[in-house]
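No experiment lies behind these values; they were computed from the predicted model shown.
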Amino acid sequence: DGCGHTVLGPESGTLASINYPQTSPNSTVCEWEIRVKPGQRVQLKFGDFDIDDSDSCHSSYLRVHNGIGPTRTEIGKYCGFGFQMDGLITSKSNEVTVQFMSGTHTSGRGFLAAYSTTDKSDLITCLDNASHFSEPEFNKYCPAGCVIPFADISGTIPHGYRDSSSLCMAGVHAGVVSNTLGGQINVVISKGIPYYEGSLANNVTSKVGLLSTGLFTFKTSGCYGTLGMESGVIPDSQITASSVLEWSDQIGQVNIWKPENARLKRAGPSWAAFISDEHQWLQIDLNKEKRITGIITTGSTLAEYYYYVSTYRILYSDDAQKWTVYREPGMDKDKIFQGNTELYQEVRNNFIPPIIARFFRINPLKWHQKIAMKVELLGCQFSIGRAPKITMPPPPQNKNDDKNDDFSDDFVHSVKTSLQTDKTTFTPEIKNTTVTPSVTKDVALAAVLVPVLVMVFTTLILILVCAWHWRNRKKKSEGTYDLPYWDRAGWWKGMKQFLPTKSAEHEETPVRYSSSEISHLRPREVPTMLQTESAEYAQPLVGGIVGTLHQRSTFKPEEGKEASYADMDPYNSPIQEVYHAYAEPLPITGPEYATPIIMDMSSHPSTPLGVPSISTFKAAGNQAPPLVGTYNKLLSRTDSTSSAQALYDTPKGQPGRGAADELVYQVPQSVAHSAGSKDE
């Protein structure tokens, strides 16, 4: 009478003393006999051990034996408060006996232990949680029987579980391991979240949890997608039922709770059976074989009709004629699934191992008021080929034909049984850390080709970007005198934006002429001379930095002796010298504008005095002077009737012409007046 929580599976299990984790009662005893497959051995691990040792293990103790029965041999006898046993107790055979004896005592919780075969080297107990491990990711083996009433979990998939939750119990809730079989879990630790949801799944209730420093989730095969009930991928014609609830209300409206209403999260009534008994069913045709890993159910979801199914069985078939009831591997009883406890909450149950079938049927066993439910199936496509058809060679014809016939029948029967068992029993080890076996060679090939193609296209894009960037840099680095990308006929348009703004003191500087300078000029030869010689250099290129315009000159100087400003004066130079048709460099202290342009007035003999002529001097204000044409032409202001006397504006401050050697003239203010004078 001293046995507590006990689940003995074929490869692993969990056992605890009575009343654990409370104080065990006095004078109780319990023995567990554990057997695994022949050729294997058993290992035992304690999650908690707290047995009174006041009498040196005389009346209260835990004893472990090799073997079962009278021939068993003792491995060890243990007692003590808070006894820590870090290692494993290993048997010498495939059989072990565990004996718990509780004498007279006042304290002591007893013990909780887990066992497995020795090939599960990473065995843990149902009491281990994520905070016991420092690795960010690890694999552990959970024993069977970890759905225990004295452990709590908080959270759900896919958001994760609070780090204080039992790893193995959370694994059962998530559907990655079976409570009756145990199994491998792949745990990933990450940062905690402020709130953890609660839910009911696989007969495990997850509670609402608050903020924690960490959480954990499980790596799975990924075969947990919805199969089309909610989305409508499964058409109404493929959802049938044994009966349909139908009635007319007080106003004469007919209410029909049809099978196609059994879609999860669909508004309105659910499916309901007309007769409430254990022979009713809801059937779903998936159109082809699918891998079904779970089911989610709710009740009617209508407050005025408090209907729901509390327990049910699952049947499946390939042809809708022969049905198989779902059972867990190694069990000789049908699996009974826990359903809803009220009409709204979604309850999930997982199938370990998955069901491979086309037709899926739910058979309610218990319900509240009436049978009513909404459903969604979880799973993925099934692409593994069927087992090859076995053909038997014709038996030899001899007098032992009857024996051969019997042997052939037995062999075929065993083959059929094994093929049927493959669909309904547990495959040796399903690793949730690997990709689902349904991955084909095409998918593997695509997984290799896609990254390669992405790298190739990325490389091409980088090459194009680098080439474009190099081309732009090459443009910027071209010679100062070369303008391959500018409009040579109108290069001054691009030059406007780079001309600096000059101060007012330079804008108002008067231009001075002397009589000696005027006398050296011939009326027609100066413009003619300037136009006969073309420039032997390309147009000056204005840089992007305004500061470069403040330098003395950007033009190539004359070859020979270094030119001075006096030599470049067009009013004091000999007639026979050759001039380039470019603006001459200016002194640093003077205005940065070209030499005054003289207009040739020889073609206008009757131009009256006092009329302002055209000038290219910078006018008052901040506007830069326009540049006319490709070259600045130097025009004479002399009258055609007089070669020695030039026609100038009236000197500033004098009423008429003066005979002084050096006169001061005012810069013309408007080009428009000059144009008007010509028209007259």
Side-chain angles (χ1 to χ4, degrees), residues 147 152-162 165 169-176 179 193 195-209 217-218 220 222-234 239 241 257 259-273 282 284 290 292-314 326 335-352 354-355 360-380:
V147 177
D152 293 331
I153 64 170
S154 297
T156 185
I157 53 172
H159 306 295
Y161 296 88
R162 202 173 191 270
S165 303
M169 192 170 177
V172 174
H173 182 272
V176 296
N179 184 55
I193 57 178
Y195 178 79
Y196 297 89
E197 298 178 357
S199 64
L200 175 61
N202 299 305
N203 203 23
V204 178
T205 300
S206 172
K207 299 179 180 180
V208 173
T217 54
F218 301 96
T220 66
C223 188
Y224 294 97
T226 58
L227 292 182
M229 285 293 287
E230 178 185 349
S231 63
V233 173
I234 301 175
I239 307 173
W257 295 47
E260 52 264 34
N261 293 342
R263 298 181 183 272
L264 192 70
K265 298 181 181 179
R266 184 70 62 89
S270 64
W271 165 72
L282 175 69
I284 302 170
K290 299 288 180 67
I292 309 168
T293 59
I295 180 174
I296 302 175
T297 61
T298 64
S300 65
T301 67
L302 297 178
E304 59 271 27
Y305 305 105
Y306 209 85
Y307 309 152
Y308 61 86
V309 174
S310 56
T311 62
Y312 56 88
R313 295 188 307 167
I314 296 297
Y326 183 82
K335 169 77 173 180
I336 306 300
F337 294 91
Q338 179 182 353
N340 297 87
T341 57
E342 45 91 11
L343 72 161
Y344 290 112
Q345 184 182 19
E346 295 182 2
V347 177
R348 173 173 47 83
N349 281 286
N350 292 94
F351 310 124
I352 302 175
I355 297 173
F360 186 88
R361 182 176 285 187
I362 306 165
N363 173 215
L365 299 178
K366 293 183 181 179
W367 53 89
H368 184 267
Q369 295 186 10
K370 287 185 178 295
I371 297 174
M373 65 191 317
K374 294 182 180 180
V375 176
E376 178 61 277
L377 299 182
L378 306 177
C380 58

Audit row: Tyr312, Ile295, side chain to side chain contact (heavy atoms under 4.5 Å, CB included) steps and yes/no
CA-CA 12 Å; Tyr312 56 88; Ile295 180 174; 3.5 Å; yes

Kindly determine whether Lys370 and Ser300 satisfy side chain to side chain contact (heavy atoms under 4.5 Å, CB included), including the steps that lead there.
CA-CA 10 Å; Lys370 287 185 178 295; Ser300 65; over 6 Å; no

Assess the residue pair His368 and Leu343 against the criterion (side chain to side chain contact (heavy atoms under 4.5 Å, CB included)); give the C-alpha distance rounded to whole Å, side-chain angles, the decisive distance to 0.1 Å, and a yes or no.
CA-CA 9 Å; His368 184 267; Leu343 72 161; over 6 Å; no

Evaluate the criterion side chain to side chain contact (heavy atoms under 4.5 Å, CB included) for residue pair Met229 and Leu264; output intermediate values, then yes/no.
CA-CA 7 Å; Met229 285 293 287; Leu264 192 70; 5.9 Å; no

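With sequence neighbours left out, Leu200 forms a side-chain contact (heavy atoms from CB on, under 4.5 Å) with Thr205, Gln338, Thr341, Gln345, Val347. Residues forming a ring-ring contact (aromatic ring centres under 6.0 Å, His included) with Tyr307 (at least two apart in sequence, or on another chain): Trp257, Tyr305. Shown here are the side-chain contact (heavy atoms from CB on, under 4.5 Å) partners of Thr311, two or more places apart in sequence or in another chain: Ile336, Leu365, Lys366. Here Asn202 pairs with Asn350 under the side-chain hydrogen bond (donor to acceptor under 3.5 Å, both in side chains) rule; sequence neighbours left out.
Among pairs with a residue in residues 303-314, those fulfilling salt bridge (charged side-chain N to carboxylate O under 4.0 Å, His left out) read Arg313-Asp334, at least two apart in sequence or across chains. Annotation: salt bridge (charged side-chain N to carboxylate O under 4.0 Å, His left out) contacts involving residues 335-344, sequence neighbours excluded, comprise Glu328-Lys335.
Rounding to the nearest 0.5 Å places NZ of Lys265 at 11.5 Å from OG of Ser231. Distance CD1/Ile193 to NE2/His159: 7.5 Å, rounded to 0.5 Å. Taking SG of Cys223 as the reference point, atom CD1 of Ile292 lies at 9.5 Å (rounded to 0.5 Å). Note that CG of Asn340 is 9.5 Å distant from CD of Glu346, once rounded to the nearest 0.5 Å. The distance from atom CG of Leu377 to atom CD1 of Ile284, rounded to the nearest 0.5 Å, is 4.0 Å. Rounding to the nearest 0.5 angstrom, the gap separating the OG1 atom in Thr156 from the CZ atom in Arg348 is 5.5 Å.
Of all the heavy atoms in Trp271 and Ala241, the pair that sits closest is NE1-CB, 3.2 Å. Scanning both residues, Met373 and Ala262, for their nearest heavy atoms gives O-CB, 3.6 Å. Nearest heavy-atom pair across Tyr344 and Thr301 is CE2-O, 3.5 Å.
Within the 4.5 Å cutoff, the side chain of Ile153 has heavy atoms near those of the Val204 side chain. His173 places a side-chain heavy atom less than 4.5 Å from the side chain of Tyr161. With a 4.5 Å cut-off on side-chain heavy atoms, Leu282 and Ile239 count as touching.
Without hydrogens or angle criteria, Thr217 side chain to Gly160 main chain gives no donor-acceptor distance under 3.5 Å. Lys374 places a side-chain N or O within 3.5 Å of a backbone atom of Arg266 that can act as its donor or acceptor partner. Within the 3.5 Å criterion, the main-chain N or O of Ile296 finds no donor-acceptor partner in the side chain of Glu376. When atom types are taken as modelled, the side chain of Asn261 and the backbone of Gly268 share no donor-acceptor pair closer than 3.5 angstrom. Checked by atom type and distance alone, the side chain of Thr293 never pairs as donor or acceptor with a backbone atom of Pro354 at under 3.5 Å.
Note on ring orientation: taking the six-membered ring where Trp is involved, the planes of Phe351 and Phe337 are perpendicular (angle over 60°, cut-offs 30° and 60°).
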